[in-house]
Protein chains: 2
Amino acid sequence: MARQPQYALIYESVKQQIQNGLFPKGSLLPSENELSAQFATTRMTVRQALTELVREGYIERRHGKGSIVTSERQSLGLLSFHGFSEVVGQANHTVQTNLLEPPTQTNWPTDFFYALTDAERSARCLTLNRLRYADELPVMLEHTFLPALGIETLFEQELLDGSLFKTLRTRYGIDIRNLEQTVRAVGADAKQADTFDCATGTPLLAIERRYVTNRPDFYIYSKLYCYTEQFAISNIF
Amino acid sequence: MARQPQYALIYESVKQQIQNGLFPKGSLLPSENELSAQFATTRMTVRQALTELVREGYIERRHGKGSIVTSERQSLGLLSFHGFSEVVGQANHTVQTNLLEPPTQTNWPTDFFYALTDAERSARCLTLNRLRYADELPVMLEHTFLPALGIETLFEQELLDGSLFKTLRTRYGIDIRNLEQTVRAVGADAKQADTFDCATGTPLLAIERRYVTNRPDFYIYSKLYCYTEQFAISNIF
DNA sequence: GAGTGGTCTAGACCACCTG
DNA sequence: AGGTGGTCTAGACCACTCG
C-alpha cells in the first residue's frame with residue numbers, strides 16, 4: 001500500500017548515506033546530474049528530493065559549487081536535537097523511546113487544544129503517551145491523539161519499529177504531508193517535574209501540533225513537552 | 001539589484017491576496033492551471049510558489065479538489081504568531097517593532113552562540129536590538145548580529161520600511177535562503193522580566209538562529225526571546 | 001571553459017474528487 | 001467526464017565557481 005514516489009526514495013537514500021557517514025559533514029554530494037543518472041531520472045525529480053534535505057537542514061546548496069553536507073542530525077520523533085557541547089562537533093547520541101502506558105482508546109479531552117470537526121469529535125480517540133530519551137536522559141514527553149476513523153485496529157498489533165508514522169504508512173497508507181504547530185514556554189507541573197527530574201516551574205518547551213496527512217480530514221494531534229536544559233531542539237519540523 | 005525570480009513574485013502576490021482577504025480562510029485558490037495562465041508561466045513555476053505557501057502554513061492542497069486557504073497568518077519578524085483566544089477565529093492583531101537603541105558596530109560577544117569563521121571573527125559586528133509588540137504588548141526581544149563584510153554602510157541610512165531583510169535585499173542583493181535554529185525554554189532574567197513586565201524566572205522561548213543567504217559564507221545571526229503567555233508562536237520558520 | 005546549481009518551459013500520465 | 005493536484009520527462013538558458 002502507498003507506493004512511494006521516486007523523489008521520496010531518493011530523499012531517503014541520500015539521507016541514509018549522510019547519516020551513515022558516507023557523505024560526511026562538509027563533503028559535497030554527487031551533482032544533480034550525477035544523481036539523475038544514478039537514479040535514472042531527471043534533474044527536477046532529484047531537486048525535489050534535495051530541496052527536502054535542505055529544508056530539514058542536512059545540506060546547503062552553493063550555486064556553481066554543489067550541495068554541501070552541513071549536518072548529520074539525529075531525530076527525536078519528528079524533531080531533531082543536539083546537545084550544547086557540540087555546537088561544532090557532531091557527537092552521536094543514543095535515542096530511545098518508551099511507552100509510558102499501553103496505548104488506549106478513550107474519549108477526547110474536554111479542553112482539547114485544537115478545534116475538532118464533528119466527525120472527529122464523534123469518533124473515539126486513540127492515545128499514545130511516550131517518553132523519549134537522549135543519552136539515557138528523559139528529554140521529551142509526547143502525547144499523541146488520533147481519531148479512530150478507519151484505523152480502529154491500529155493498536156491491535158505492535159507498532160512497526162516502534163514508529164507510529166511508519167505503521168500508519170505501511171498498514172493504512174497514511175502519509176504525513178505537513179504540520180502546523182504552536183510553540184510556547186511553560187513551567188513544569190509536578191508530574192512533569194517528576195518525569196524530567198527537575199524542579200517544579202522549570203521552563204519547558206510546549207509544542208502543540210496538528211499533522212496534515214494525505215487522507216482528507218484526517219489529522220493527527222500531538223502535544224510535546226521538551227526539557228531543554230541539556231539538549232536543545234533544532235530546526236523544528 | 002537582485003531581480004526576483006518569477007515564483008517569488010507569484011508567491012508574494014498570492015500571499016498578499018490572502019492577507020488582504022481576497023481569498024478568505026476556507027476558500028479555494030485559483031487552480032494551478034488558472035494561475036499559470038494568469039502569470040503567463042507553467043504549472044511547475046506556479047507549484048514552486050504554492051509549495052512555499054504550504055510550507056508557511058497559508059494553504060493546504062487537496063488532490064482532486066484544489067488549494068484551500070487555511071490561515072491568514074500575521075508575521076512577527078520571520079515568525080508568525082497568534083493569540084490563544086483565536087484557536088478558531090482569526091482576530092487581527094496590531095504588530096509593531098521598536099529599536100531599543102541605535103544600531104551599533106561592536107565586537108563580537110566573547111561567548112557567541114554560534115561558532116564563527118575566521119573571516120567573520122575578524123570583522124566588526126553590526127548589532128540591532130529590537131522589541132516587537134503584538135496588540136501593544138511586548139512579546140519578542142530580538143538581538144541580531146551581522147558581520148560587517150560588504151555591508152559596512154548598512155546603518156548609515158534608515159532601514160527600508162523598518163525591515164532589515166528588505167534593506168539587505170534591495171541595497172545589497174542579499175536574500176535569505178534558509179535558516180537553522182535551536183529552540184529552548186529558559187527563565188527570564190531580571191532585564192527580560194522588566195522588558196516583558198513579568199516575574200523573574202517566567203518561562204521564555206529562546207531561539208538562536210543562523211540565516212543562510214545567497215551570498216556564500218555570509219550568515220546573519222539572531223537571538224530571540226519570546227514571551228508566550230498571551231501570544232504563542234506558530235510554524236517556526 | 002567546464003561543471004554546478006537556479007530557473008523555467010511545454011508537455012505527459014496518473015489518482016483523486018465532484019457533478 | 002472533466003477538472004484538480006501529484007508526479008515526472010527532456011530538454012533549455014542563465015549565473016556562479018573553480019581551475
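In the text below, chain A, chain B and the rest are named by the order of the sequence lines, each starting its count at 1.
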Throw together a table of side-chain donor-acceptor distances under 3.5 angstrom for residues 6-15 of chain A, partners on residues two or more places apart or in other chains.
{"unit_1": "A:Gln6", "atom_1": "NE2", "unit_2": "A:Phe39", "atom_2": "O", "d": "3.3"}
{"unit_1": "A:Ser13", "atom_1": "OG", "unit_2": "A:Gln17", "atom_2": "NE2", "d": "3.3"}

With sequence neighbours left out, the residues meeting side-chain hydrogen bond (donor to acceptor under 3.5 Å, both in side chains) with A:Arg130 are none

Give the residues of residues 60-70 of chain B touching DNA chain D, defined as any heavy atom closer than 4.0 Å, sorted by residue number. B:Arg61, B:Arg62, B:His63, B:Gly64, B:Lys65, B:Gly66, B:Ser67

Would you work out how much the helix from C:dG1-D:dC18 to C:dT18-D:dA1 bends between its ends, with each end axis defined by five base pairs, to 10 degrees? 0°

Got a sec, which residues hit side-chain contact (heavy atoms from CB on, under 4.5 Å) with [X], two or more places apart in sequence or on another chain?
X	answer
A:Thr213	A:Ile174, A:Ile176, A:Arg215, A:Phe218, A:Ile220
A:Pro216	B:Arg62
A:Leu116	A:Trp108, A:Phe112, A:Glu120, A:Arg121, A:Tyr221
B:Thr51	B:Arg61

Distance-only side-chain donor-acceptor flag, B:Ser36 / B:Thr42, under 3.5 Å: no

Is there a donor-acceptor pair under 3.5 Å between the side chain of A:Thr70 and the backbone N or O of A:Tyr58? yes

Looking across every strand, which nucleic acid part, if any, lies under 4.0 Å from B:Ser31 by heavy atom: base, sugar-phosphate, or nothing? sugar-phosphate

Kindly write out the residues that satisfy salt bridge (charged side-chain N to carboxylate O under 4.0 Å, His left out) with A:Arg210, not counting sequence neighbours, or none if the list is empty. A:Glu180, B:Glu60

Residue list, salt bridge (charged side-chain N to carboxylate O under 4.0 Å, His left out) with A:Lys65, at least two apart or on another chain: none

Between [atom2] of [N] and [atom1] of [X], the distance in whole Å:
X	N	atom1	atom2	result
B:Gln6	D:dC14	CD	P	16 Å
B:Leu50	D:dG5	CG	C1'	10 Å
B:Arg215	D:dT17	CZ	P	11 Å

If you assign each of A:Arg43 and B:Met44 to its closest nucleotide in DNA chain C, which residue comes earlier from the 5' end? A:Arg43

Taking for each residue the nucleotide of DNA chain D with the nearest heavy atom, is it A:Thr41 or B:Leu29 whose nucleotide lies nearer the 5' end? B:Leu29

Could you tell me from which nucleotide to which nucleotide of DNA chain C, 5' to 3', there is an atom under 4.0 Å from chain A heavy atoms? C:dG3 to C:dC17

Among pairs that include at least one residue of residues 145-156 of chain A, which meet side-chain hydrogen bond (donor to acceptor under 3.5 Å, both in side chains), considering only residues two or more places apart or in two chains? A:Thr153-A:Tyr172

